[in-house]
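See structure below.
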Amino acid sequence: MKKFLVLLLSVVMVASLLAGCTSSSNTPAPAESSTPTEITGKSVMELDQENLGPILTKIKETGVINAGIWGNSPTFSFHRVVDGKDTYAGFEYQMIVELANRLSVDLQREVKVEFYEAEFSGMMAALEADQLMFVPELSPTDERKETWLFTDVYHRSNECYVALKSNADNPKFTGTLEGVTVAGSMGGIDVVMTRAWYPDAEIVELDSGTNAIMNVMSGKSDLACMNAVNAAMFTKANSELVVVDKLSFTPTDEYDKGCGFCMKYGNEDFAAYCNQYFKDIKAEGVWDQWINEATDQLDADVLAEYNVGE
């Protein structure tokens, strides 16, 4: 991550508007603002400065990206306290801040980010009302694409299997998982994919991922199935657990369409800019770096709900 990124806490609305975090309000709650200290960095692509779409035009005029953020979605984006101050962390958060850095170069002006949090319905209402330019971490389903423009998918979580460290070398953890008991969330996509990928596994459906992990820790199940993000959280919070890497796989579009930026149609130039940006950060290796950093940034408060030990 470029060292010139700094974090600025922006309180732009009075406390009464914090109710925007509920689905009953169209106004999202304000969060942190981030800006580069100088216009340096890498260009993404040459922009037609005279014919910019609505989002890029507004960014060029104001120097601000108004972005949605899911502040309770570790390791994508989440709150943590640094030097007594509430701030954001996570690989998706870092990705959006770096997007501002590169737009600063290509629009030839300083660009910062103002983040807003709300529940899903409030977030989408804010997007419709042009209070937000885009919402990240949304799956580009066919139904959504009838109404909204999406970028390319920038992230799709692997499907992972968590076991006790003492059982990680179980000789049954191979092939179709015959004779292996796998716990998962009832009706969840993780269970559906496990049935397709490992058809001989005995599936135990429970009401939550936490209970699936508890089943493993109690020895009732050999494995718990979940996406890589939750697997990282549970294994960091519970030192006796480990991801069985050889069983992990990347889902196809049939099961998981991944995450993209969602925005209004008419902003195809901004979507194309983001698509190239996604390719660049992956080719440069910074995307993987941010994902690793996000796991390292998880603190005790964030991990508390994932700790199912004593």
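We number each residue from 1, following the sequence as shown. Predicted model, so just to flag it, every value in this text is computed and none were measured.
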Residue pair Leu103, Phe270: steps toward the side-chain contact (heavy atoms from CB on, under 4.5 Å) verdict = CA-CA 10 Å; Leu103 277 167; Phe270 180 67; 4.3 Å; yes
key: Audit row: Phe76, Trp70, ring pair (Phe, Tyr, Trp, His ring centres under 6.0 Å) steps and yes/no   = CA-CA 8 Å; Phe76 287 82; Trp70 310 102; over 10 Å; no
Worked verdict on Glu284 versus Lys42 for side-chain contact (heavy atoms from CB on, under 4.5 Å) = CA-CA 11 Å; Glu284 294 164 14; Lys42 298 182 179 181; 3.6 Å; yes
request  = Decide side-chain contact (heavy atoms from CB on, under 4.5 Å) for Trp148 and Val135; before the verdict, give the C-alpha distance in whole Å, the side-chain angles of both, and the deciding distance to 0.1 Å.
outcome  = CA-CA 11 Å; Trp148 302 103; Val135 176; over 6 Å; no
task = Starting from the C-alpha separation in whole Å, work towards a yes-or-no answer on side-chain contact (heavy atoms from CB on, under 4.5 Å) for Tyr255 and Glu159.
result = CA-CA 11 Å; Tyr255 298 106; Glu159 185 65 17; over 6 Å; no
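The closest side-chain donor-acceptor pair between Tyr88 and Glu117 falls under 3.5 angstrom. A donor atom on one side chain and an acceptor atom on the other are not found under 3.5 Å apart for Gln297 and Glu293. For the residue pair Glu98 / Asn101, a side-chain donor-acceptor distance below 3.5 Å is found, with atom types taken as modelled.
The minimum heavy-atom distance linking Val216 with Leu241 is given by the pair CG1-CD2, 4.2 Å. Of all heavy-atom pairs between Ala163 and Leu223, the closest is CB-CD2, 3.7 Å. In plain terms, the two heavy atoms of Met193 and Pro251 that are nearest each other are SD-CB, 3.4 Å. Closest heavy-atom contact between Ser221 and Ala183: OG-CB, 3.6 Å. Summarising the geometry of Val302 relative to His79, their closest heavy-atom pair is CG2-O, 3.6 Å, with the distance given to 0.1 Å. Summarising the geometry of Lys282 relative to Val153, their closest heavy-atom pair is NZ-O, 4.3 Å, with the distance given to 0.1 Å.
No option in Thr194, Asp245, Asp222 other than Thr194 meets the side chain to side chain donor-acceptor pair (under 3.5 Å) test with Tyr161.
Considering only heavy atoms from C-beta on, Gln131 stays 4.5 Å or farther from Tyr116 through its side chain. Counting heavy atoms from C-beta outward, Tyr198 and Leu247 have side chains that approach closer than 4.5 Å. You'll find the side chain of Leu107 reaches within 4.5 Å of the side chain of Leu52, heavy atoms only. When side chains are defined from C-beta on, Thr250 counts as touching Asn158, because their heavy atoms get closer than 4.5 Å. For the pair Phe134/Ile96, a side-chain contact is recorded, criterion being any heavy-atom separation below 4.5 Å from C-beta on. For the pair Phe120 and Leu138, the minimum side-chain heavy-atom distance is below 4.5 Å. For the pair Glu240/Lys165, no side-chain contact is recorded, criterion being any heavy-atom separation below 4.5 Å from C-beta on. When side chains are defined from C-beta on, Asn66 counts as touching Lys58, because their heavy atoms get closer than 4.5 Å.
Aromatic ring pairs are classed by plane angle as parallel below 30°, tilted from 30° to 60° and perpendicular above 60°; the pair Trp290 and Trp287 is perpendicular. In this pair, Tyr154 and Phe261 present their aromatic rings perpendicular. The plane angle is above 60°, beyond the 30 to 60° band.
In the hydrophobic clustering of ILVMFWY residues, with side-chain heavy atoms under 4.5 Å counting as a link, Ile189 and Val182 come out together. Linking ILVMFWY residues whenever their side-chain heavy atoms come closer than 4.5 Å, directly or via other members, places Val244 and Trp197 in the same cluster. In this structure, Met95 is a member of the same hydrophobic cluster as Val286, with clusters built from ILVMFWY side-chain heavy atoms closer than 4.5 Å. Residue Leu164 is grouped with residue Val162 when hydrophobic side chains (ILVMFWY) are merged at heavy-atom distances under 4.5 angstrom, including chains of intermediate members. Residues Val64 and Val113 fall into different hydrophobic clusters, defined by Ile, Leu, Val, Met, Phe, Trp and Tyr side chains chained together at heavy-atom separations under 4.5 Å.
In this structure, CG in Asn238 is found 9.0 Å from CG in Leu303, a value given to the nearest 0.5 Å. Taking CG of Asp152 as the start and CG of Asn275 as the end, the distance is 3.5 Å to the nearest 0.5 Å. Put simply, CD1 on Ile213 and CE on Met233 are 12.0 Å apart, with the number rounded to the nearest 0.5 Å. To the nearest 0.5 Å, atoms CG (Leu206) and CE (Met186) are separated by 7.0 Å. Going from atom CZ of Arg102 over to atom CD1 of Ile281 covers 7.0 Å, rounded to the nearest 0.5 Å. Remark: Glu205 CD to Arg195 CZ distance equals 4.5 Å, nearest 0.5 Å.
Of the possible donor and acceptor atoms, one in the side chain of Asn170 sits under 3.5 Å from a partner among the backbone N and O of Lys172. Of the possible donor and acceptor atoms, one in the side chain of Arg109 sits under 3.5 Å from a partner among the backbone N and O of Glu61. A donor-acceptor contact shorter than 3.5 Å links the side chain of Arg156 to the backbone of Asp256. Side-chain N or O atoms of Glu268 include one that pairs as donor or acceptor with a backbone N or O of Gly266 at under 3.5 Å. In this structure a side-chain-to-backbone donor-acceptor pair under 3.5 Å is missing from Lys257 to Asp142. Of the possible polar contacts, one joining the Tyr277 side chain to the Leu99 backbone as a donor-acceptor pair under 3.5 Å is found. At least one donor-acceptor pair closer than 3.5 Å links the side chain of Asp269 to the backbone N or O of Gly53. With hydrogens and angles ignored, the 3.5 Å screen pairs no side-chain donor or acceptor of Ser77 with any backbone N or O of Ser73. Without hydrogens or angle criteria, Thr176 side chain to Pro199 main chain gives no donor-acceptor distance under 3.5 Å. Looking only at distances, no side-chain donor or acceptor of Lys145 sits under 3.5 Å from a matching main-chain atom of Phe150.
Environment of CG in Asp169: sparse, with no more than 12 heavy atoms of neighbouring residues, nucleotides or ligands closer than 6.0 Å. Within 6.0 Å of atom CE in Met214, 12 or fewer heavy atoms from other residues, nucleotides or ligands are found, so the atom counts as exposed in its surroundings. Within 6.0 Å of CD on Glu178 lie no more than 12 heavy atoms contributed by other residues, nucleotides or ligands.
Electrostatic pairing of Asp130 and Lys264 counts as a salt bridge here, judged by a charged N lying under 4.0 Å from a carboxylate O.
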